[in-house]
Amino acid sequence: MKTRLTEMLGIKYPIICGGMMRLAYPPLCAAISNAGGLGNLTSAMYKNKAELKAAIAEVRTLTDKPFIVNVTLLPAMSVGPEQYRGYFETCAEEKVPAMEIGGVPLNRYEDGRYFKLLKDAGVKLFHKVGSVKHGKGAAKAGYDGVIAAGVEEGGHPLNENVATTVLTPRMVEEVDVPVITAGGMANGRSLAAALCLGAEGILMATRFINTYECQVHAKVHEELIHRQENETVLYGNSIGLQGRALINDSIRKVMEIEARGGGLQEVLPHISGQYGDHIWKEGKMDTGLIPVGQSIGLIHDTLTCKELLDRMVKEANEILAQNLKRF
Ligand SMILES: Cc1cc2nc3c(=O)[nH]c(=O)nc-3n(C[C@H](O)[C@H](O)[C@H](O)COP(=O)(O)O)c2cc1C
């Protein structure tokens, strides 16, 4: 399965893992890369340059394959300018193969100095966006690829709420760099569909939670298998940062606060991620916000990363071949 993405990065399969706060640690990152995809190391989990450097070194002891580092550039939130500087300088010094930038365009942050630093270091830069306008801006600025993230996605879909099935082909119409589809991708059918829509690869996150290398409590795996595609909800519009999360007691509380006009200070404790370890490590599924996508409806089992990726690509190839025969 060759696309401009696999050629650019020297990977076997056009499948990228998206940033996952509290989950995309070196073992999962390396397992995905060793399985032929592009594993993700999420920088916000590391306090400073030294910690991120150590995490990159750990990934490199576990795999000799390419991987991608996520930086979510939301300067008004918890990560400060010093920390961002540390992340960007480290990625340039370490010449990491690729970076996934979410939030503010890196070419417009700090006069574009880190964008240039990373480009000069040969790092492939991908901007994750939810609109064609932002995708065009990224392509024009010189990003190597655009990740088109539809409203189905976990994390923070843009509040324009355009679905993956429309956002992907629209993006393909407007930019000449490779487009990677995100949001709702979970199996071989999704991969085949994304390629038919014109994407050169997919990015998925929620599906990777149900792999054995994602170090979460067994109850998390059971819960995601059990829950369906209609059991997530969009929240956060009243505070200017939309998100999608699994319906549980915590998100019901957030919805109730937002509905009666409670402000940021009241909402923040429930969405800040302070209960992350209770959820992921202890399996307490009602103690905080769980940022998964609608793709939970497509999760029916827990596999190793290799089993998952091999199965997805086999299924996608079979579906594409069957349809060629059919029509
Ligand atoms: C548990 C979890 C944590 C996430 N954390 C981040 C993050 O820190 N930064 C980011 O840019 N995206 C984050 N995302 C969004 C993903 O990178 C990706 O864009 C999205 O989940 C893709 O949709 P899918 O979940 O349907 O595959 C997270 C997603 C999940 C499921």
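For ligands, and for the atoms within them, numbers begin at 1 and follow the listed sequence.
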Of the backbone atoms (N, CA, C, O) and the side-chain heavy atoms from C-beta on, which set of Asn70 has a member under 4.0 Å from an atom of ligand 1: side chain, backbone, both, or neither? side chain

Under 4.0 Å from one or more heavy atoms of Gly18, ligand 1 contributes atoms 17 (O)

Short list, please: which atoms of ligand 1 are under 4.0 Å from a heavy atom of Met204? 27 (O)

Trace of the salt bridge (charged side-chain N to carboxylate O under 4.0 Å, His left out) decision for Arg189 with Glu315: CA-CA 7 Å; Arg189 278 186 199 287; Glu315 264 176 22; over 6 Å; no

Give yes or no for whether the N/O distance cutoff of 3.5 Å, strictly under, is met between Ala182 and ligand 1. no

Give the residue, atom name and distance (to 0.1 Å) of the protein heavy atom nearest atom 9 (N) of ligand 1. Thr72 OG1, 2.8 Å

Which residue from Ala205, Gly243, Gly150, Gly19 reaches closest to atom 14 (N) of ligand 1 through any of its heavy atoms? Gly19

Quick one: sort the Tyr25 and Tyr46 rings into parallel, tilted or perpendicular, breaks at 30° and 60°. perpendicular

Between ligand 1 and Gly154, can you find any atom pair, the residue atom being a heavy atom, that is separated by under 4.0 Å? yes

Lys253/Asp249 ion pair, N-O < 4.0 Å: no

Distance under 4.0 Å to a non-hydrogen atom of Leu203: what atoms of ligand 1 satisfy this? 18 (C), 19 (O)

Side chain to side chain contact (heavy atoms under 4.5 Å, CB included) partner of Leu308, the single match among Thr211, Ile32, Asn187: Thr211

If we ignore hydrogens and angles and just use 3.5 Å, is the side chain of Tyr87 paired with the main-chain N or O of Leu52 as donor and acceptor? no

Are any of the N or O atoms of Thr42 closer than 3.5 Å to those of ligand 1? no

Please confirm whether Thr206 comes within less than 3.5 Å of ligand 1 when only nitrogen or oxygen atoms on both sides are compared. yes

Ligand 1 contact by Lys128, heavy-atom criterion under 4.0 angstrom: yes

At what distance is the nearest protein heavy atom to atom 19 (O) of ligand 1, and which residue and atom is it? Glu153 OE1, 2.6 Å

Got a salt bridge between Lys219 and Glu223, using NZ or NE/NH1/NH2 to carboxylate O under 4.0 Å? no

Measure the distances from the heavy atoms of Ala149 to every atom of ligand 1 and state whether one is below 4.0 angstrom. no

Donor-acceptor under 3.5 Å (Thr3 side chain, Gly201 main chain): no

With a cutoff of under 4.5 Å between side-chain heavy atoms, which Ile, Leu, Val, Met, Phe, Trp and Tyr residues group with Leu298? none

Note: ligand 1 atoms sitting under 4.0 Å from heavy atoms of Gly184 are 26 (O)

Among all the protein's non-hydrogen atoms, which is closest to atom 31 (C) of ligand 1, and how far away is it? Pro291 O, 3.1 Å

Indicate yes or no: does Arg311 engage Glu307 in a salt bridge with an N to O separation below 4.0 Å. no

Applying side chain to side chain contact (heavy atoms under 4.5 Å, CB included) to Pro97 and not counting sequence neighbours gives Arg60, Pro66, Phe67

Quick note on ligand 1: atoms under 4.0 Å from a heavy atom of Ser295 include exactly 24 (P), 26 (O)

Taking the side chain from Gln294 and the backbone from Glu152, do they hold a donor-acceptor pair closer than 3.5 Å? no

Mind checking whether Met21 has an N or O less than 3.5 Å away from an N or O of ligand 1? yes

